[in-house]
Each structure stands twice: as C-alpha cells, then as structure tokens.
Amino acid sequence: MAVTKIFIPKIPFKLSHFCYLLFFSILLLLEISTSTAAGDCAAESPPEPSNPLIAFLQRLQSDALKTLGPESFNSKLYVDLSLKHDIAFTEAAFATLPRVNGIIPASYLQSFLDAYFGEAGSDLVYAEPDDFVPEPEGFLPKVENPMVRAWALQVHSLWKNLSRKVSDDVKERPERHTLLPLPEPMIIAGGVFRELYYWDSYWIVRGLMVSKMYDTAKAIVNNLLWLMDVYGHVLNGARAYYTNRSQPPLLSSMVMEIYMKTGDLAFVNKSFPSLVKEHTFWNSGIHKVMIRDLQGHEHSLSRYFAMWNKPRPESATNDEEAASKLLNSSDKENFYLQIASAAETGWDFSSRWMSNSSDLTTLLTTSIIPVDLNAFLYKVELDIAFFAKQLGDIPTSDKFLKASRARLSAMYSIFWNKEMNQWLDYWLNTSNSDWEYIHQFEARNQNDKIFASNFIPLWTSRHNSGSVEDDTMVERVLQSFEKSGLLHSAGIAASLSKSGQQWDFPMGWAPLQHMIIEGFSKSGSKAAWTLAEDIAIRWIRTNYAAYNNSGKMYEKYDVEGCGKIGTDGVYKPKTGFGWSNGVVLSLLEEFGWPNDREIACQ
C-alpha cells in the first residue's frame, strides 16, 4: 500500500507546550485521514527481533535515558510500549521533538509518550480464569494452622490478579506491538514482567496444580507450544525481542505435572511433537558440545548459546554502558552474545558465568557446560520416553531411554566431583561453536566454586530408579550440602559469592529452594527428608513474614534474615509473584503446617 507522506515542520524549542500539544493533535487527525487502511494490512506473523518497531523503541529508550537520567530508569518499559498509530507516522513525529544539546526536554518527551503510545502492559487485558474458586475442594489438607491456611488462600487468590490475555489490538495490528499474539490466557510473573515467561511457568503450573486450576495450566502450556511451533524453540518470554534465545527447558515437566494430575493423554499426544522438537533444539547446532573423558569415551552435552550479538533490546542502554569499556567492536559483539546467553540460563546475572565476579564484561556463558541445563535435559529425555510408552510408541521410548542413560553417564564423567560430592559446571578452553569439535576433559576445568545449581541433579535423578550411583550417593550429597554454606536462616543462597549480582549471595530464589527441597524429600533418605522439611519451613516463614509486612509476594528474598526481601541486582524488588506463589503452595501441599507450629519468624 502506498503511504502518503506528511510534511512535518521543524518546531522551535521556544514554542509553548500548549502549541506543541496542539501540533500533535493536528498530526493525529492527518494520520487518521491518510493511513486508515494500515490496520487492514497488518502482518499475520509476529514481528521479528530486528523489526523496525524494536529498532525505533530502542532509539526512544536511549533518548529517554538521556532525558531522565539513570536513577530508577526502567529500560524495559520503552520496548514494551504499544503504538497508537503506524510506526512511520510515529517516527516522523519523534523526529520533530526539540532537543537541547541532543536531549529532549522531559515535558516534551512525556507529551509525546502520552500522544503516541499506550501504557506499557496495555497490550494485555485482564482475563477471569474460569476454573478459579475461592477455596478449591481438597485444598491443602495438611495445613491445619488457621493463620497459615488463611494466608495460603490469599496466595491462591493471586492467580486471579496475575491472569491476562492478549488484547485484540495485538492480534489485529501486530506490527504496533512487541507482545506476541499468544492464543490463550496466561498467568504473568508480575512487576515489569508483564508477559508470559518460560521457566517461570513451570512453578506457576506447580502452584496451579495445588489450586486445582488445570485448565489455566493447560492454557499456559498451549501458549508455550505455540511459541515452539512458530519459532522452533520456546522463547525466553512472549515478546518479539526475546526470539533470540530460550530459557531452561521445562516444557516436558509442565506436561508431566498436568498429566499426573489429570490423566489427560490427549493433551500429552498434542504436546508430544513439540517436546521432541525442543529436545532437538537443545542437542544440535550451537547448543551441542562434544567432550572426550579421561577414559577416551566421547559424550554429547548441551550449553546455553543465544542467537544474538547486539545489545538486548529490553536492556540495551544497560548493555551498551557495560560494553563501553571494551575497545573494539568484536569484543563488544562477544560481550553482547555472552550476556544474552546468560539471560538464556535464567540466572541473569551471576558470578557463575563470569571469570571475574566484579566485572560483568568477563561473562563466558557459552564456554560453560552447565550442570542444571543437562540435568533438565536428562529429565526431558525421561519424560519423552515415558510419554512415548503411554502413547504406544515403543521405539521412540527406547530411543529416549537410551539418550537419558548416555546423558547420565556424561554427567558423572564430566560434572561429578567425588572429593566435593557435588556436580560442578565445566569450563571449556574455548567457546568453539562447531558442534563437531571434540573437547578434551581436564579435571582442573571443573568450577569448584559452590552454587545451588551443584545440587540440582538430585532433583532430576529422582525421576529414574537406578540413576543414583550407589546406595551412599544421597547421604554423601546430603553431607556435602550441609557443609556447603548455602543454607541460611531464611533459605538457600544461590551462591557464596558476594558479587552484587542477583543470582549470588545472599539472594534466595523460589525455584532453587523447590528443586533442592524436592530432590532431598523424594530421595528415599529419611535424613534427607528431614533436611528438606527444615528448608521448606524456613522458606515458608520468610515468605509469610514478608507478606505479613507488605501484603505482597516477592520475586526473590534475602536468606540472611526471615522476611527480608531481595534487593541485589539491576532492578528494584518485583512483586506478584508467579513462581514464589507456586513454590509456597507446592511446599505447603507437600509438608503441610501443623496447628501447633509457629508461623512467625523464629
């Protein structure tokens, strides 16, 4: 369609604010008369990461930072804005904004935002979940304490607050939005995380199982399956700027949780091709790593590797500032690759990925074979084998059982450290992206620093009888954990490093608590179960105390004190919060809360 050009005169800076708003209004009338048909020509497919909208919103983000300054600046807000009008018209108006020494005055910037954009988050609308009831039948039967039960029902009710669906305008005019047109309602995380996120969704689904909201959980998974089908992998989140990376692969785990609760084999059958497709994504191309152990056996493992070497649009101003100390463009491109890959891990950010814990530009994510990623993929293989058997596909079941045994062998050969009794990340000598290149194992390349991820394989190993190396394995891992220094008064720290990064000490995260607790509680060891219950009690108490003080559930907590919310990282504490809600409900279902147990901080 031909686009009518609109002449937009230069506006003197001294023009009154009123006149400028009047000028905006005239432009809007012109736009309505000249491009009415634009909405009829909207692209049927979601925008690509390099699309004109994202490029424009990044320029807006950069100029907004110059205007507002770095204090409390929210870079993500600008790439989440929805256009009220076509991009060419909006860009033309943006070009007319007055600048003083290259900086747009704050009042003009705000007027422009008000006139040309919807508020961040307006591309999602509230969706009443059909399967929500205030108190589900059989809800938390082990929770006897009335105060804890009342709180748990309040946490349960938060699913309603976090329920959203994509607005009609996103589906009708996708070129005006970075939000992707997901087909079904969803539960968002909360705070600035206004959209669906991948690995967050697993713990949201776990909580929804407790809340008996099976249809809502299926809708979440259906959205993730849609992303898988459209993009070939499950995106980090449901925005056009997230297409360059995924997140920890827990899709099969969500399908498994739903199947175990509902017995819905048709849902499994529908999901199955996407699960196999995701397994291929993580086990081929740049994600695949070949390594030869000391006995000469060759193993295939997986790593995080984003398909990106530019600033992440949602954090472009932060990435550019961090990269400004680097001297040449190739170093900057490598940094952008490493930081996007670190975001793919879900641990963004942590000293775990850095050669110098005080310098973010030393990220080496793609040179690391992570313990937890391969533990997740081990479970993916077991899940697919199980589903294939249920569906009557014995050859596929056998194939994935064989793959799971090969990965388990690789994990013990490459990750297991018998002196520490932990699984350790392995650092490659090179980040060679050639998946046919075979790295040679060297024991000194195991990262012997202590992270909560060193214990995640215990969570996935419980899904396969016979996966524990010997009868003393659980006890040795238990003793190692107890001596690790990770456990504190309010839960498990992500690491022992005080780097200031949010996935380091003293931050505690709901997913890490849940996986380690469940790994110990399901291990078959009485001592491990007792420790798991102790950690669960600490975590439930700190969540309760923070909620009691503020009426909010938080994204992360400070494990050094009961009720302390987490503050380390690049943004202020976020509330909502999807995975924290899901983990608390799951732990209360598993361990209960006796009437005589005190809920207050001890």
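The figures here come from the full heavy-atom set of this structure, side chains too, leaving out hydrogens, waters and symmetry mates.
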Side-chain H-bond candidate by donor/acceptor type, D331 with N328, under 3.5 Å: yes

N429 versus N445, side-chain donor and acceptor atoms under 3.5 Å: yes

[X] (side chain) donor-acceptor with [Y] (main chain) under 3.5 angstrom:
X	Y	value
K84	D114	yes
S409	A406	no
W347	S453	no
S580	Y554	yes
T178	V79	yes

Charged N-O contact under 4.0 Å between R239 and D123: yes

Ion pair D372/R352, N-O distance below 4.0 Å: yes

Neighbour count above 12 (heavy atom, 6.0 Å) for E442 CD: yes

Over 12 non-hydrogen atoms of neighbours within 6.0 angstrom of CD in E119: no

V234 and E278, any side-chain heavy atoms less than 4.5 Å apart: yes

Pair Y78 + F73: ring centers closer than 6.0 Å: yes

Lys/Arg cation over aromatic W308: K310, 6.0 Å, 45° cone: yes

